[in-house]
Amino acid sequence: MSRRVAVIDLGSNSARMAIFERTSRLGFYILGEYKMKVRLGEGAYENEGVLQADAMQKCLAAFIEFKKLITRYKVNKVLAVGTSALRDAPNSKTFINMVKKLGINLKVIDGDMEAYYGGFAASNLLFNLKEATTIDIGGGSTELAHIVNGKVVETLSLNVGTVRLKELFFDKKELKGLEAFIQETLNLVPKSFKCDNIIAIGGSLRAISSAIMQIKNYPLNIVHGFSYKYADFSDLIERISVAKTLELNQFPIKKDRYDTIRGGAYIFKKVVEFLGAKSVQTSGVGVREGVFLTNLIGKNAKFPANFNPSLKSVQDRFIVDARPNIAKFAKGIFEVLSELHGIDESYKKDLITASKLLNIGLKIGFYSKHTHANYIILSTLNYGYTHKQKALIATIIKLHGKKSLEGEEFLKLNELLPPAKSVIWLGFMLELARVLDEADTTNISFEFSNSTLQIYGLKDAIFVKDSVKKMLKPAIFAITFN
């Protein structure tokens with residue numbers, strides 16, 4: 001597969017392009033992301049779906065800019081898809097041919113495929129949910145995908161979107177017919193889509209999640225993976241949906257969302273209530289990532305067991321010196337001291353992940369390497385991890401064996417972290433594993449009895465033994481070498 005792949009997603013409201021770079025066979029990250037508000041569907045919904053000449057020219061200008069970026073980034077492959085506005089338009093081939101002259105093959109996808117791409121991306125790049133229904137609200141349509149055990153099992157596309165509602169109802173101030181229009185549309189949704197867990201996809205829903213994060217003073221500025229209980233913010237979403245344009249400045253929403261956010265909020269509340277959903281997970285990935293992943297691993301496929309593309313990408317880009325024994329030692333220490341530390345078994349996985357990423361800060365510099373690693377993890381370890389996992393992994397690396405969580409950087413993440421005692425224990429075990437790895441041997445084993453951790457296999461490692469003796473232990477116990 002190509003090293004750099006550009007994926008263009010042309011909707012009714014915006015044209016977006018993401019440039020993916022592969023760091024290994026399955027490791028990848030986003031190298032660049034661009035968005036232009038093109039309003040390809042502007043005026044079409046009042047004219048039987050026919051694309052208007054001005055809208056097509058404005059959209060073509062965006063593709064010309066995308067083509068320049070594709071050349072600049074030396075992209076090897078371009079995948080371009082068009083959604084609601086194009087599939088509704090009887091004159092869609094006119095625009096497709098205009099784009100083809102630029103050397104870009106634009107493929108129109110049907111509503112089910114659009115729903116599939118969003119669901120497929122979310123199922124692979126969000127943390128695992130046994131069952132969930134995605135809601136992807138676009139300018140011309142809203143897509144639903146039902147996910148069960150990581151697989152997209154059912155899809156549906158509804159002809160209701162933010163631009164469509166804006167032109168048919170909000171601009172004309174004909175809100176009386178809006179309720180009936182939405183209800184008639186929702187009657188098409190099978191009961192099988194009803195689910196407690198909702199995955200929110202699309203610009204409008206990310207804007208709502210971002211607003212909630214600001215209101216909560218949330219510690220991470222990362223929308224992908226942010227979750228909330230719908231009941232806690234249903235009133236906020238209701239107020240946004242009925243607000244007048246001049247009233248939207250009372251909400252922490254960017255001005256470029258003012259023209260469509262009300263429609264997005266209105267559709268969202270109606271769909272969530274219809275589905276009976278209780279919790280919302282926000283997805284920063286959608287159609288573009290779905291197109292890329294389908295090209296990378298195949299339709300409805302999964303990554304190999306225990307493989308995470310984000311973790312692999314970070315390792316590929318930032319590991320200077322691979323030290324696999326750190327993870328091995330950390331796992332052994334966690335298990336042998338389990339009766340003493342009493343930490344839930346689920347945190348062992350996070351400790352092992354931290355062990356694999358411990359040295360990524362060296363790529364920036366030796367001094368403050370733990371701070372560098374902390375920043376890289378919080379900024380780039382996006383796919384497949386909850387915010388709590390990211391916060392814990394980054395924190396225990398930055399802690400590097402200290403016995404206190406004092407300091408602004410730790411207090412900021414406090415609401416995402418387990419009890420301080422557990423964090424300190426995990427930080428100690430990670431640091432002990434790192435120190436033991438300095439002996440450059442794999443023949444180290446552990447035993448715990450009579451309040452003593454016995455470490456075997458370090459007969460001549462004087463420097464390592466001395467370093468262990470200086471460590472601050474999180475509890476009263478002895479460490480001996482045999």
Side-chain angles (χ1 to χ4, degrees), residues 21-29 222 306-335 337 347-385 389-403 405 407 409-410 413 417 423-444 446 455 457-458 461-472 474:
E21 174 153 340
R22 292 172 61 236
T23 58
S24 54
R25 189 171 73 89
L26 295 177
F28 67 89
Y29 69 104
I222 302 167
N306 300 316
F307 177 86
N308 181 284
S310 194
L311 172 62
K312 179 58 176 170
S313 172
V314 172
Q315 290 176 309
D316 291 340
R317 287 180 286 157
F318 295 104
I319 290 291
V320 176
D321 181 23
R323 309 294 296 182
N325 285 336
I326 299 178
K328 175 186 175 183
F329 297 155
K331 180 176 180 288
I333 295 165
F334 183 98
E335 292 172 348
L337 293 179
Y347 291 119
K348 180 168 67 174
K349 181 180 179 180
D350 299 326
L351 174 63
I352 292 171
T353 300
S355 304
K356 295 177 179 179
L357 298 176
L358 180 63
N359 290 323
I360 59 175
L362 282 171
K363 191 77 170 183
I364 300 175
F366 175 79
Y367 299 105
S368 300
K369 61 183 179 181
H370 298 103
T371 299
H372 301 325
N374 175 279
Y375 176 80
I376 293 170
I377 290 165
L378 290 177
S379 302
T380 63
L381 195 67
N382 293 324
Y383 302 143
Y385 293 93
Q389 287 178 307
K390 289 175 60 173
L392 179 59
I393 292 165
T395 296
I396 61 177
I397 289 178
K398 189 167 185 176
L399 196 59
H400 60 95
K402 293 178 183 176
K403 282 187 66 176
L405 287 176
E409 68 272 24
F410 296 127
L413 295 176
L417 297 172
V423 179
I424 291 168
W425 257 111
L426 291 167
F428 165 78
M429 290 186 279
L430 179 62
E431 180 65 6
L432 178 57
R434 184 200 67 78
V435 171
L436 294 177
D437 183 62
E438 296 289 345
D440 199 26
T441 177
T442 61
N443 298 318
I444 294 177
F446 311 96
I455 302 176
L458 288 175
I462 298 173
F463 176 77
V464 172
K465 290 179 181 180
D466 187 54
S467 296
V468 172
K469 290 176 182 177
K470 294 176 182 178
M471 290 185 64
L472 300 173

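When reading the values below, keep in mind they use all heavy atoms of this one structure, side chains included, and skip hydrogens, waters and symmetry mates. For clarity, every value in this text was computed on a predicted model and none was experimentally measured.
Atom CG of N325 sits about 10.0 Å away from atom CG of L436, to the nearest 0.5 Å.
Taking E21 as the reference, R3, R4 meet the side chain to side chain donor-acceptor pair (under 3.5 Å) condition, with sequence neighbours excluded.
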Next on the checklist: Show, in sequence, the C-alpha distance, side-chain angles and deciding distance for L392 and I396, and conclude whether the side-chain contact (heavy atoms from CB on, under 4.5 Å) test is met.
Outcome noted: CA-CA 6 Å; L392 179 59; I396 61 177; 3.8 Å; yes
Checklist entry - Does the side-chain contact (heavy atoms from CB on, under 4.5 Å) test come out yes or no for F428 and L432, once each step is laid out? => result CA-CA 6 Å; F428 165 78; L432 178 57; 4.1 Å; yes
Checklist entry - Are R323 and D440 close enough, and set up right, to give a side-chain contact (heavy atoms from CB on, under 4.5 Å), and what steps lead you there? => result CA-CA 9 Å; R323 309 294 296 182; D440 199 26; 3.9 Å; yes
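Other residues, nucleotides and ligands contribute at most 12 non-hydrogen atoms within 6.0 Å of the NZ atom of K331. The local environment of CG in D466 is crowded, with over 12 non-hydrogen atoms from other residues, nucleotides or ligands closer than 6.0 Å. Surrounding CZ of F463 are at most 12 heavy atoms belonging to other residues, nucleotides or ligands under 6.0 Å away.
Screening residues 370-384 for side chain to side chain donor-acceptor pair (under 3.5 Å), with sequence neighbours left out, gives N382-K390.
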Could you go through residues 350-365 and list every donor-acceptor pair under 3.5 Å that involves a side-chain atom there, pairing it with any protein atom two or more places apart or in another chain?
{"from": "D350", "atom 1": "OD1", "to": "Q389", "atom 2": "NE2", "distance (Å)": "3.3"}
{"from": "T353", "atom 1": "OG1", "to": "K349", "atom 2": "O", "distance (Å)": "3.1"}
{"from": "S355", "atom 1": "OG", "to": "L351", "atom 2": "O", "distance (Å)": "2.8"}

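The minimum heavy-atom distance linking A394 with I377 is given by the pair CB-CG2, 3.9 Å. Annotation for V464 and A439: closest pair CG2-N, 3.6 Å, computed over non-hydrogen atoms. When all heavy atoms of D316 and S24 are compared, the closest pair comes out as OD2-OG, 2.7 Å. Shown here for L26 and F28, the closest heavy-atom pair between the two residues is O-CD2, 3.6 Å. Across all their heavy atoms, S467 and V435 have their closest contact at CB-CG1, 3.6 Å. Closest non-hydrogen pair, I455 versus F446, comes out as CG1-CD2, 4.0 Å.
Looking only at distances, no side-chain donor or acceptor of R434 sits under 3.5 Å from a matching main-chain atom of D437.
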